[in-house]
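Note that the coordinates shown come from a computational prediction; the quantities given were computed from them, not determined experimentally. Atoms considered below: every heavy atom in the structure, side chains included; atoms not considered: hydrogens, waters and symmetry mates.
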Amino acid sequence: MTAQRKTRVLGECLVIAATLAMWWPATASAVHLTGRIISVGFPSTDPHGRDHGLCHYKLGRWTPVRVDLTNTDGDLFSGWLEVRQPDRDGDLVVARQQISIRDSRHYFLYVPAARNVRDVPFNVRVVSTEGSLIPLFTASNERIVELTPEDQIIPVDARTLVILDISAGGLNHLRDLTKETTSDRDLIVARCAPSELPDLVAGLEMVDVIVWDAADPSASEMDLGQREALIEWVRRGGRLVLGVSTNWDIVSRSAFGEMLPARLSEPTTTTSPKALSPHACDLLFGSEEPATSTLLSPLKLCSIKRENLLPDAESVIPFETPELSNEENILAASRPYGRGRVVLVAAEIQELLKAG
């Protein structure tokens, strides 16, 4: 072989090696992964401060564990993310998620949990495709074996009513429910953004009611997996409350439009309590005929009449009665969806509370 041919063959080998290096997963010894557990279950918003900075999971229910990982090595790493928890019978359940990461990504793990986290605190580890444990690093470059939750995690009884608020900016008035409830069930109001919702329905099993004010199901707020998980959760028995006015068209054209109890039209802005039903005025002002002739702030309101309701839907505000007039404005309507239910409020709840 001539020197020129040897040089060309060597060059071709180098090109092939460089190409493989770009796409082949990094070895366990070379990878440098930093990470943290963002949440376990859902964070609480208790107004008394007792649960500030706490996460809750429900005993015996599937629990979402949200993890942030960053590959600072730059090469593609493929392996497994896993968390271990005992189930109701005490058997150890290992939840695993296959990962392939070159930069930064969020991952969800779903595991049933039935014991106190002091025994098994939802620690997360990374395993290579060959089964070896991959070392991890904290933000301060401290080498660790596994990730541990940063927030305190509190188990709640399976009978506890969990309301999840996914409204933009949060619907602060929901916090008052924890003080005013007269039910014999404990109540927790949790909070997350739509973009932080689990991408599998199992991650929502611990939630009883989801409130989504100023609902925006566009791709910028949640991905396809999160939308499908939320819809399937309702179908399996969840209760979804939607506050809709400005985004009426986005909601109507989305997959959630098929779930609504009424077909929406463009909202109008009103400053008069007369645009509301007597029942709605009673809720907002404490009187069916409020003394004021002007709302405290303008209200965008979608017009819903009885004739706009779907056959299986009913009025909630005002209450559904045989005397309900076809001309009376309906502020909230409800409709079954699978084993669950969708409640539509024909205004943004935050604006409604400011107006009254």
Side-chain angles (χ1 to χ4, degrees), residues 25-26 28-46 51-58 62-85 93-113 115-129 132-156 164-166 170 190-200 202-204 206-207 221-223 225-226 229:
S29 59
V31 70
H32 189 281
L33 295 176
T34 63
R36 67 186 185 97
I37 297 176
I38 300 175
S39 61
V40 175
F42 295 97
S44 168
T45 58
D46 185 349
D51 289 352
H52 180 69
L54 300 188
C55 285
H56 294 272
Y57 73 94
K58 189 176 283 189
W62 286 91
T63 303
V65 181
R66 190 164 178 247
V67 181
D68 174 73
L69 279 183
T70 300
N71 182 359
T72 59
D73 184 61
D75 293 324
L76 181 67
F77 169 77
S78 292
W80 295 87
L81 196 65
E82 68 176 37
V83 61
R84 301 165 181 245
Q85 279 290 310
V93 177
V94 180
R96 307 185 81 194
Q97 164 83 313
Q98 192 168 17
I99 62 174
S100 185
I101 180 172
R102 190 187 299 276
D103 41 29
S104 296
R105 283 197 61 184
H106 295 316
Y107 294 95
F108 270 109
L109 293 165
Y110 304 99
V111 62
R115 290 174 59 188
N116 197 301
V117 292
R118 288 175 293 186
D119 301 321
V120 186
F122 290 95
N123 290 353
V124 173
R125 56 180 58 187
V126 176
V127 181
S128 70
T129 52
S132 59
L133 197 61
I134 302 297
L136 297 166
F137 296 86
T138 64
S140 58
N141 208 34
E142 177 188 356
R143 184 185 175 107
I144 55 177
V145 175
E146 55 189 7
L147 303 175
T148 57
E150 297 176 358
D151 295 325
Q152 187 177 355
I153 304 168
I154 305 296
V156 297
L164 178 61
D165 176 19
I166 65 171
R191 163 83 187 132
C192 80
S195 59
E196 299 168 341
L197 281 172
D199 54 8
L200 290 179
L204 293 169
M206 66 171 284
V207 179
E221 292 297 319
M222 57 170 56
D223 60 29
Q226 292 169 319

Visitor: Going from CG on L204 to CG on D199, what distance comes out if it is rounded to the nearest 0.5 angstrom?
Guide: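 Going from the CG atom of L204 to the CG atom of D199 covers 10.0 Å.
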Visitor: Distance from D68 atom CG to I37 atom CD1, nearest 0.5 Å?
Guide: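 With rounding to 0.5 Å, CG (D68) is 11.0 Å from CD1 (I37).
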Visitor: Mind checking the OG-CZ spacing from S39 to R191? Nearest 0.5 Å is all I need.
Guide: 12.5 Å
Visitor: How long is the gap from CG on D223 to CG on L197, to the nearest 0.5 Å?
Guide: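 With rounding to 0.5 Å, CG (D223) is 9.5 Å from CG (L197).
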Visitor: How many angstroms lie between atom CD of Q85 and atom CH2 of W62, to the nearest 0.5 angstrom?
Guide: 11.5 Å
Visitor: By salt bridge (charged side-chain N to carboxylate O under 4.0 Å, His left out), which residues pair with R105, not counting sequence neighbours?
Guide: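 Listed in chain order: nothing, the list is empty.
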Visitor: Write down the atom of V93, the atom of P112, and the distance for their closest heavy-atom approach.
Guide: CG1-CD, 4.0 Å
Visitor: Minimum heavy-atom separation for Q226 to M222, with atom names?
Guide: OE1-CA, 3.2 Å
Visitor: Return all side-chain donor-acceptor pairs below 3.5 angstrom for residues 137-150, not counting sequence neighbours, or 'none' if the list is empty.
Guide:
unit_1: T138; atom_1: OG1; unit_2: S140; atom_2: N; d: 3.4
unit_1: T138; atom_1: OG1; unit_2: S140; atom_2: OG; d: 3.0
unit_1: T138; atom_1: OG1; unit_2: E142; atom_2: N; d: 3.0
unit_1: N141; atom_1: OD1; unit_2: H32; atom_2: NE2; d: 3.0
unit_1: E146; atom_1: OE1; unit_2: R125; atom_2: NH2; d: 3.2
unit_1: E146; atom_1: OE2; unit_2: N123; atom_2: ND2; d: 2.9

Visitor: Shortest non-hydrogen contact from V65 to F122?
Guide: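 Between these two residues, the closest heavy atoms are CG2-CD2, 3.9 Å.
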Visitor: Apply ring pair (Phe, Tyr, Trp, His ring centres under 6.0 Å) to Y107 and list each qualifying residue two or more places apart in sequence or on a separate chain.
Guide: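 Applying ring pair (Phe, Tyr, Trp, His ring centres under 6.0 Å) to Y107 gives none.
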Visitor: How far apart are the closest heavy atoms of A202 and Y110, and which atoms are they?
Guide: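 Smallest interatomic distance, heavy atoms only, reads C-CD2, 4.4 Å.
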Visitor: What are the two closest non-hydrogen atoms of C55 and D151, and how far apart are they?
Guide: SG-OD2, 4.0 Å
Visitor: Should I99 and V126 be marked as a side-chain contact (heavy atoms from CB on, under 4.5 Å) after you check the CA-CA gap, both sets of side-chain angles, and the distance that decides it?
Guide: CA-CA 9 Å; I99 62 174; V126 176; 4.3 Å; yes
Visitor: Quick one: which of L109, V111, V127, L81 gives a side-chain contact (heavy atoms from CB on, under 4.5 Å) with R96?
Guide: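 With R96 as partner, L109, V111, V127, L81 yield a single side-chain contact (heavy atoms from CB on, under 4.5 Å), made by V127.
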Visitor: From L164 CG over to C192 SG, what is the distance, rounded to the nearest 0.5 angstrom?
Guide: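 Reported value, rounded in 0.5 Å steps: 4.5 Å.
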Visitor: Work out which heavy atom in F77 is nearest to a heavy atom in S128; give both atom names and the distance.
Guide: CZ-CA, 4.5 Å
Visitor: Quick one: does V40's side chain get under 4.5 Å of T63's, heavy atoms only?
Guide: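 Yes; the side chains approach each other to less than 4.5 Å.
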Visitor: Side-chain contact, heavy-atom cut-off 4.5 Å: I153 with Y57?
Guide: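 SC-SC contact between I153 and Y57 confirmed.
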